[in-house]
There are 2 protein chains.
Amino acid sequence: MATSGRYCICEHCDFRDVVFANLSEDDIQELCNHKEEHSYRKGEIIIHQGEKISYFKYLKSGLVKVYRKTSDDDEQIITITKPFEFVSSMAIFEAEKYNFSVSALEDTVVCVVNLDYIKSLLINNGRFAIGLLTKIAGINDKIIRQCLDIRQRNLTGRVAYVLLYFAKEIYSSHLFDLPVSRKEIADYIGMSTANVIRTLSDFRNDGIIKVFGKTIEITDIGRLELLSSRG
Amino acid sequence: MATSGRYCICEHCDFRDVVFANLSEDDIQELCNHKEEHSYRKGEIIIHQGEKISYFKYLKSGLVKVYRKTSDDDEQIITITKPFEFVSSMAIFEAEKYNFSVSALEDTVVCVVNLDYIKSLLINNGRFAIGLLTKIAGINDKIIRQCLDIRQRNLTGRVAYVLLYFAKEIYSSHLFDLPVSRKEIADYIGMSTANVIRTLSDFRNDGIIKVFGKTIEITDIGRLELLSSRG
DNA sequence: ACAGGAATATGATAAATATCACTTATAAAA
DNA sequence: TTTTATAAGTGATATTTATCATATTCCTGT
C-alpha cells in the first residue's frame with residue numbers, strides 16, 4: 001500500500017456522524033490511538049479473500065469493488081461501494097476469514113481499527129452498538145436488494161440498472177467515467193462481456209447514452225429508467 | 001393467526017443460547033413480560049410487505065419463506081428459513097417498514113418482542129449487542145451468499161442447489177417433502193416454472209432423484225452435488 | 001514513435017431459457 | 001361422489017443469451 005499514517009483528525013471526520021456519533025470526545029481520542037489510515041492506488045487489493053479478519057475497516061474516500069472468486073475461478077462482483085459504506089461488511093463478528101476480496105477502483109483511503117477495540121466499545125456503549133447495528137443492517141439490506149434487483153432483470157434491464165446505479169448512487173451525475181471495464185460490469189450483473197458491450201452499443205444507437213471510451217453521458221434518463229424497470 | 005399466548009418458558013428455550021445467552025435470569029423474566037408467541041398455520045402470512053416495524057420477531061418453530069413483490073407484481077423469494085434464523089432480518093433497526101413479506105410454509109410459531117424493549121437491552125448490555133450483531137451478521141451473509149450462489153449457476157445448477165439446500169440445510173435428510181410448489185421454486189431461483197419441472201423430470205429420468213408428488217428422495221447425491229457445482 | 005497486449009466492438013452461430021398450448025394429476029369445494 | 005380449480009408435466013416454438021471468430025481501438029512500456 002502506498003502510504004499510511006497515524007495523525008488523528010477523527011473529531012472532524014464526516015464519518016463521526018455515521019457510526020461514531022455516540023462516542024465521547026475521550027472515546028474518539030482513544031479510537032484515534034487504535035486507528036491507522038491506509039492509502040491504496042487504483043487497482044490495488046485492499047482485502048484478500050481468505051485473509052484472517054482482525055481489523056474493522058471502513059472506506060474514508062475513494063471507490064472499491066467487493067467481489068469473490070467463484071468455483072470456476074471467475075470473479076463475481078458483489079457490490080461497488082463508496083465512502084461511509086463499510087468495507088468490513090458484517091462478517092467481521094461472525095467469520096474468521098474474509099469470504100470476499102476488496103480492491104480499489106479509484107485511489108482510496110481506508111481506516112483500520114483494531115477489532116478488539118471496537119468490540120470493547122460495543123460492550124461498554126450500547127448506543128454505539130445500536131448505531132453500528134443499524135448502519136450495518138442498512139448496508140447489508142442494500143446489498144441484498146441490489147442482488148435481487150439484478151436477478152429480476154434481463155440483460156437490457158441489468159445494464160440499464162447498473163448505469164443508473166453509477167449515475168445516481170455513485171457519481172450523482174448524468175456524466176461520469178466508468179470506474180470499471182466492460183468485463184467487470186459483466187461480472188457484476190452476471191452476463192457475458194460481449195453482451196454488455198452490445199447492449200451499451202444499442203443504448204448508444206438508440207440515443208439513450210453517449211459513449212467516449214470509459215466516459216458515459218446519459219442523454220435520455222427517462223428511457224433508461226423505463227428499460228431498467230421493464231426488463 | 002391461530003393462537004397466541006403469554007406463558008413464559010424462555011429460560012429453557014433453545015433460543016436462549018442463540019442470542020439471549022448474555023442475559024441474566026432477571027432479564028429473561030423481563031423479556032418474557034414483553035414477549036408473545038403467535039402460531040400460524042401453513043399458508044398464513046406472518047409479515048406483510050409495507051407493514052410498520054414495531055416488533056422484533058423470530059421463528060421458534062416451523063418453516064417460512066421470505067419474499068417480496070417485484071415491479072410486475074410477481075413474487076421473488078428471498079430465502080426459505082427455519083427456526084433460530086431471524087425473521088425480522090436487520091431491517092428492524094434501519095427501516096420504518098418491512099420491505100418483504102413472510103409466510104408460513106409449515107405450521108409455525110413466532111416469538112414477538114416489543115422492539116423498544118430490545119433496544120433498551122442493547123443499550124444496557126453490550127455483550128447482548130455483540131451477540132445479536134454477530135447473529136444477524138451471519139444470517140445476512142448467508143442470504144447474500146445464497147443469492148450470489150444462485151446467480152452464478154445455470155438452470156440445472158440452480159435446481160440442484162435448491163434440492164441440496166432442502167436436503168442438507170432444512171431437513172437433514174435425503175428424503176423430504178417439498179414445502180413449496182414448483183412455481184415457488186421458480187420464484188426462488190429466478191427461472192420459469194416449466195423449466196423447473198422439466199429439470200426435475202430430467203433428474204428423475206437420470207436416476208438422481210425419485211419423485212412422488214411433493215416427496216423427493218435424492219438417490220444419487222454425488223451426482224447432484226456435481227451438477228450443483230458445475231452449473 | 002512504435003510494438004505488443006489488452007479492452008472494446010460486432011457479426012454469425014450455438015446453446016440456454018422462456019413462452020405457449022395442451023394434457024394429466026391432484027386437491028379443494030359443492 | 002361429482003365438480004372445479006389449481007398444480008404438475010410435456011412438447012413445439014420463439015426468444016434470449018452465450019460463445020466463437022475477427023476487427024479495431026486504446027493503453028502501456030520500451
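Throughout, a chain's letter reflects where its sequence line sits, starting with A, and its residues are numbered from 1.
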Which residues share a side chain to side chain contact (heavy atoms under 4.5 Å, CB included) with A:Glu75, sequence neighbours left out:
A:Lys65, A:Tyr67, A:Lys69, A:Asp187
5' to 3' contact window, DNA chain C with chain B (heavy-atom distance under 4.0 Å):
C:dT17 to C:dT19
Could you state the atom-to-atom distance from CZ of A:Phe212 to P of D:dC26 in whole Å?
13 Å
Establish, with yes or no, whether the OP1 or OP2 oxygen of D:dA8 is under 4.0 angstrom from a side-chain nitrogen or oxygen of B:Lys214.
yes
Answer yes or no: does atom NZ of B:Lys214 have more than 12 heavy-atom neighbours from other residues, nucleotides or ligands under 6.0 Å?
yes
From CD1 of A:Ile197 over to P of D:dT25, roughly how many Å is that when rounded to an integer?
15 Å
D:dT15 C1' sits how many Å from B:Asn195 CG, rounded?
12 Å
Using a 4.0 Å heavy-atom cut-off across all strands, classify A:Arg204 as base, sugar-phosphate, or nothing.
sugar-phosphate
Would you say the side-chain atoms of B:Gln152 and A:Arg68 include a donor-acceptor pair closer than 3.5 Å?
yes
OP1 or OP2 of D:dG9 versus the side-chain N and O atoms of B:Arg198: is any pair under 4.0 Å?
no
Once you round it to whole Å, what is the distance between C1' of D:dA18 and CG of A:Asp74?
13 Å
Establish, from distance only, whether the side-chain atoms of A:Asp107 and A:Tyr40 form a donor-acceptor pair under 3.5 Å.
no
Result for side-chain contact (heavy atoms from CB on, under 4.5 Å) between A:Glu184 and one of A:Ile189, A:Ile77, A:Ile80 points to A:Ile77
Side-chain N or O of B:Ser201 versus OP1/OP2 of D:dA8: is the shortest distance under 4.0 Å?
no
Touch check for A:Ser192, heavy atoms < 4.0 angstrom, all strands: base, sugar-phosphate only, or nothing?
base
Would you kindly give the CE-to-C1' distance between B:Met191 and D:dA8, to the nearest whole Å?
20 Å
Got B:Leu227 and B:Tyr161 here, is their nearest side-chain heavy-atom distance under 4.5 Å?
no
